[in-house]
Amino acid sequence: MTALFAQALNVQNPLFDTDSYKYSHPTQYPQGTDYVSSYIEPRKGWDGIDDVMFFGLQVELAKLAKIRVTQAMIDEAAPVLAAHGLSLYVEGWQRIVDAHAGRLPVLIEALPEGTLAPVGVPQMRIQNTDPACWWLPSFLETRLLRAVWYPSTRSDPVALCGGQNPCSDD
């Protein structure tokens with residue numbers, strides 16, 4: 001990808017891919033936290049919408065599996081975030097580089113793609129597998145939610161089920 005201006009940020013740097021308030025989370029967890037679990041659950045928005053088709057996670061899982069956090073990514077992100085009043089949890093990201101060769105130490109469990117589930121049922125859960133990376137599930141939650149929210153809210157159960165309405169008793 002060609003940058004449109006000099007000194008452009010690497011848009012592929014996963015350390016920039018979260019909501020800005022997530023950068024403060026490492027300072028908010030109690031001392032001694034080892035494991036954190038975050039989940040995605042659709043909320044009831046309108047009357048008459050009682051089920052949601054879970055869809056869209058597989059592509060994001062493939063992207064996450066390819067991520068290898070590098071020292072260069074940390075070195076790029078820390079000063080940029082600081083210039084914007086945010087603080088990168090360098091110790092945590094360094095742990096991922098040093099102990100996990102840049103791989104994200106998380107376990108993601110989810111309903112099968114295409115599952116039609118009632119609103120209020122958790123669709124996906126993420127948990128850290130390294131006790132030193134307790135902050136990582138909530139950091140990654142943003143991109144996981146973004147990956148499934150739009151496809152899940154736009155999935156047409158009738159079209160996905162070959163013209164059969166899975167909500168119908170017929």
Side-chain angles (χ1 to χ4, degrees), residues 1-4 8-29 33 35-46 49-70 72-74 76-78 80-90 92-93 95-97 100 102-130 133-157 159-160:
M1 178 182 294
T2 303
L4 297 177
L9 295 176
N10 175 3
V11 296
Q12 300 301 318
N13 187 338
L15 282 63
F16 292 125
D17 195 6
T18 198
D19 290 325
S20 60
Y21 71 92
K22 301 277 181 146
Y23 293 105
S24 69
H25 281 183
T27 63
Q28 298 178 39
Y29 283 97
T33 299
Y35 292 95
V36 170
S37 177
S38 296
Y39 66 94
I40 293 174
E41 172 188 322
R43 300 179 190 153
K44 184 133 178 103
W46 295 277
I49 299 179
D50 298 320
D51 300 289
V52 175
M53 176 80 64
F54 180 64
F55 188 70
L57 183 62
Q58 293 302 308
V59 171
E60 187 60 26
L61 291 178
K63 291 176 184 178
L64 287 171
K66 291 181 181 180
I67 290 177
R68 298 298 177 271
V69 178
T70 65
M73 291 174 178
I74 296 171
E76 177 188 35
V80 170
L81 292 168
H84 291 272
L86 301 170
S87 183
L88 183 68
Y89 187 51
V90 174
W93 289 108
R95 167 79 178 178
I96 291 171
V97 169
H100 300 284
R103 292 177 179 258
L104 302 174
V106 294
L107 170 67
I108 298 173
E109 299 173 307
L111 296 175
E113 293 268 344
T115 298
L116 188 65
V119 170
V121 170
Q123 297 178 332
M124 186 226 64
R125 181 178 80 93
I126 180 172
Q127 180 176 325
N128 56 300
T129 58
D130 177 345
C133 295
W134 43 265
W135 53 274
L136 189 56
S138 63
F139 186 92
L140 294 173
E141 179 188 33
T142 298
R143 67 182 292 157
L144 290 166
L145 182 57
R146 191 173 55 239
V148 301
W149 181 83
Y150 187 81
S152 291
T153 59
R154 296 295 178 244
S155 296
D156 179 350
L160 292 172

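No hydrogens, no waters, no symmetry mates; every other heavy atom, side chains included, goes into these values.
- For Y150, the OH atom counts as loosely surrounded, since its 6.0 Å shell holds 12 or fewer non-hydrogen atoms of other residues, nucleotides or ligands.
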* Worked check of side chain to side chain contact (heavy atoms under 4.5 Å, CB included) between H25 and F139 -> CA-CA 8 Å; H25 281 183; F139 186 92; over 6 Å; no

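- Contact annotation: the side chain of Y23 never approaches that of S87 to less than 4.5 Å [non-hydrogen atoms, C-beta and beyond].
- Annotation: side chain of W135 is not in contact with side chain of V36 (no heavy-atom distance under 4.5 Å).
- A 6.0 Å sphere centred on OH of Y39 holds no more than 12 heavy atoms belonging to other residues, nucleotides or ligands.
- The CG atom of L145 sits 12.5 Å away from atom CG of L140, with the distance rounded to the nearest 0.5 Å.
- Of the inter-residue distances, the one linking N128 atom CG with L104 atom CG reads 11.5 Å to the nearest 0.5 angstrom.
- Every side-chain hydrogen bond (donor to acceptor under 3.5 Å, both in side chains) that T18 has, sequence neighbours left out, goes to T142.
- The list of side-chain hydrogen bond (donor to acceptor under 3.5 Å, both in side chains) pairs with a residue in residues 54-70, not counting sequence neighbours, reads E60-R143.
- A donor-acceptor pair is defined here as one N or O able to donate and one able to accept, closer than 3.5 Å; such a pair exists between the side chain of E113 and the backbone of L57.
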* To do: Check the pair L64, L144 against side chain to side chain contact (heavy atoms under 4.5 Å, CB included), reporting the backbone distance first and the verdict last.
  => CA-CA 10 Å; L64 287 171; L144 290 166; 3.7 Å; yes

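- Using the six-membered ring where Trp is involved, Y89 and W134 have ring planes that are tilted, between 30° and 60° apart.
- For the pair W93/L136, a side-chain contact is recorded, criterion being any heavy-atom separation below 4.5 Å from C-beta on.
- If you take CD on E109 and CD on Q123, they are separated by 14.5 Å, rounding to the nearest 0.5 Å.
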